[in-house]
Amino acid sequence: MTKITFLRSGGSFYGFEEEGHTGYADEGQDILCAALSAMTMLIVNTIEIAYASDVDYSVDDGATNIKVMSKAALAEFEDDEKKRYAVSGVFCGYFYQLNDLAEEYYENLTVEVVDRDYAAN
């Protein structure tokens with residue numbers, strides 16, 4: 001099972017952590033894993049390239065741990081309100097997309113939200 005924990009501060013999503021294998025199918029055949037991987041890289045590229053903002057991410061394939069965070073979603077790090085809204089919105093959209101997937105793949109995917117200051121990571 002993959003557990004995805006979204007990170008939120010002051011009501012704004014600024015990142016997420018993914019842990020575990022979905023177990024939906026064998027490696028190389030797992031469409032749920034492929035979807036999560038594609039969506040994760042879409043978020044990284046959107047923040048980094050389209051919004052010209054820094055995004056911190058790490059991928060540990062062996063342990064299946066992925067962490068993606070962007071300070072640009074938070075007022076204490078980003079002055080441009082439109083950029084904050086856009087970056088946080090990408091994370092928010094992913095949160096809702098994954099909740100939809102979790103309804104169908106409830107044995108393979110869980111989604112939660114944790115309120116935590118960016119500095120606590």
Side-chain angles (χ1 to χ4, degrees):
M1 174 170 296
T2 297
K3 176 182 174 183
I4 303 180
T5 304
F6 280 83
L7 307 170
R8 183 174 61 190
S9 180
S12 296
F13 288 103
Y14 66 87
F16 58 90
E17 299 172 348
E18 298 180 10
E19 297 178 80
H21 295 282
T22 65
Y24 181 74
D26 292 333
E27 186 176 336
Q29 303 298 314
D30 193 330
I31 60 169
L32 184 56
C33 179
L36 296 177
S37 295
M39 288 186 286
T40 296
M41 290 314 300
L42 174 68
I43 289 167
V44 168
N45 288 326
T46 299
I47 294 170
E48 197 168 54
I49 297 166
Y51 299 146
S53 296
D54 291 335
V55 60
D56 296 318
Y57 65 97
S58 62
V59 177
D60 181 350
D61 290 326
T64 315
N65 290 329
I66 298 169
K67 190 172 192 176
V68 178
M69 299 185 316
S70 180
K71 291 180 178 180
L74 302 172
E76 60 265 33
F77 300 107
E78 176 58 57
D79 292 332
D80 185 334
E81 183 179 7
K82 289 180 182 178
K83 186 179 283 192
R84 284 195 318 264
Y85 184 77
V87 173
S88 183
V90 170
F91 289 122
C92 186
Y94 190 37
F95 170 75
Y96 286 107
Q97 178 67 32
L98 290 177
N99 276 289
D100 287 346
L101 281 174
E103 287 181 18
E104 184 173 344
Y105 299 100
Y106 57 88
E107 293 180 355
N108 309 93
L109 179 65
T110 62
V111 180
E112 66 178 30
V113 177
V114 172
D115 289 304
R116 184 186 321 156
D117 288 339
Y118 191 94
N121 291 298

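Positions are given from 1, in the same order as the sequence printed here.
Applying the salt bridge (Lys or Arg N to Asp or Glu O under 4.0 Å) rule to Glu17 yields the partners Lys67, Arg116; only residues at least two apart in sequence or on another chain are considered. Under the rule for a ring-ring contact (aromatic ring centres under 6.0 Å, His included), the partners of Phe13 that lie at least two apart in sequence or sit in another chain are Phe6, Phe95. The side-chain hydrogen bond (donor to acceptor under 3.5 Å, both in side chains) check on Thr40 picks up Glu18, Tyr94, with sequence neighbours excluded. With sequence neighbours excluded, the residues satisfying side-chain hydrogen bond (donor to acceptor under 3.5 Å, both in side chains) with Asp56 are Tyr118.
Note on Lys71 versus Glu78: no salt bridge recorded, every NZ/NE/NH1/NH2 to OD/OE distance being 4.0 Å or above.
By the 6.0 Å contact criterion, CZ on Phe77 is enclosed, its count of non-hydrogen atoms from other residues, nucleotides or ligands being greater than 12.
Atom CG of Leu74 and atom OG of Ser12 lie 6.0 Å apart (nearest 0.5 Å). In this structure, Gln29 CD and Tyr24 OH are separated by 11.5 Å, a value rounded to the nearest 0.5 Å. Distance check, rounded to the nearest 0.5 Å: CG of Leu36 to NE2 of His21 gives 12.5 Å. Taken from OH in Tyr105 to CD1 in Ile31, the straight-line distance is 4.0 Å, to the nearest 0.5 Å. Taking CD1 from Ile4 and CG from Leu109, the interatomic distance works out to 5.0 Å, rounded to the nearest 0.5 Å. How far CZ of Phe16 is from NZ of Lys3: 15.0 Å, rounded to the nearest 0.5 Å.
Asp117 and Ser9 get closest at one heavy-atom pair: OD1-OG, 3.6 Å.
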Which donor-acceptor pairs under 3.5 Å do the side chains of residues 45-53 make with protein atoms, sequence neighbours left out?
from, atom 1, to, atom 2, distance (Å)
Asn45, ND2, Met41, O, 3.2
Thr46, OG1, Leu42, O, 2.7
Ser53, OG, Tyr51, O, 3.1

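Val44 is not connected to Met69 by any chain of hydrophobic side-chain contacts under 4.5 Å among Ile, Leu, Val, Met, Phe, Trp and Tyr, and they are in different clusters. Under the 4.5 Å side-chain heavy-atom criterion for Ile, Leu, Val, Met, Phe, Trp and Tyr, Ile66 and Val55 are members of the same hydrophobic cluster. In the hydrophobic cluster analysis, where Ile, Leu, Val, Met, Phe, Trp and Tyr join through side-chain heavy atoms closer than 4.5 angstrom, Val87 is grouped together with Tyr96.
In this structure, Ser88 contributes its side chain and Tyr14 its backbone to no donor-acceptor pair below 3.5 Å. Side chain of Ser70 to backbone of Asp54: a donor-acceptor contact under 3.5 angstrom is found.
A heavy-atom distance below 4.5 Å is found between the side chains of Met39 and Leu101. Proximity of Glu112 to Thr110: side-chain heavy atoms (C-beta onward) are nowhere separated by under 4.5 Å. Proximity of Val68 to Phe91: side-chain heavy atoms (C-beta onward) are separated by under 4.5 Å at one or more points.
Judged as a salt bridge (Lys or Arg N to Asp or Glu O under 4.0 Å), not a single pair has a partner in residues 81-103 (not counting sequence neighbours).
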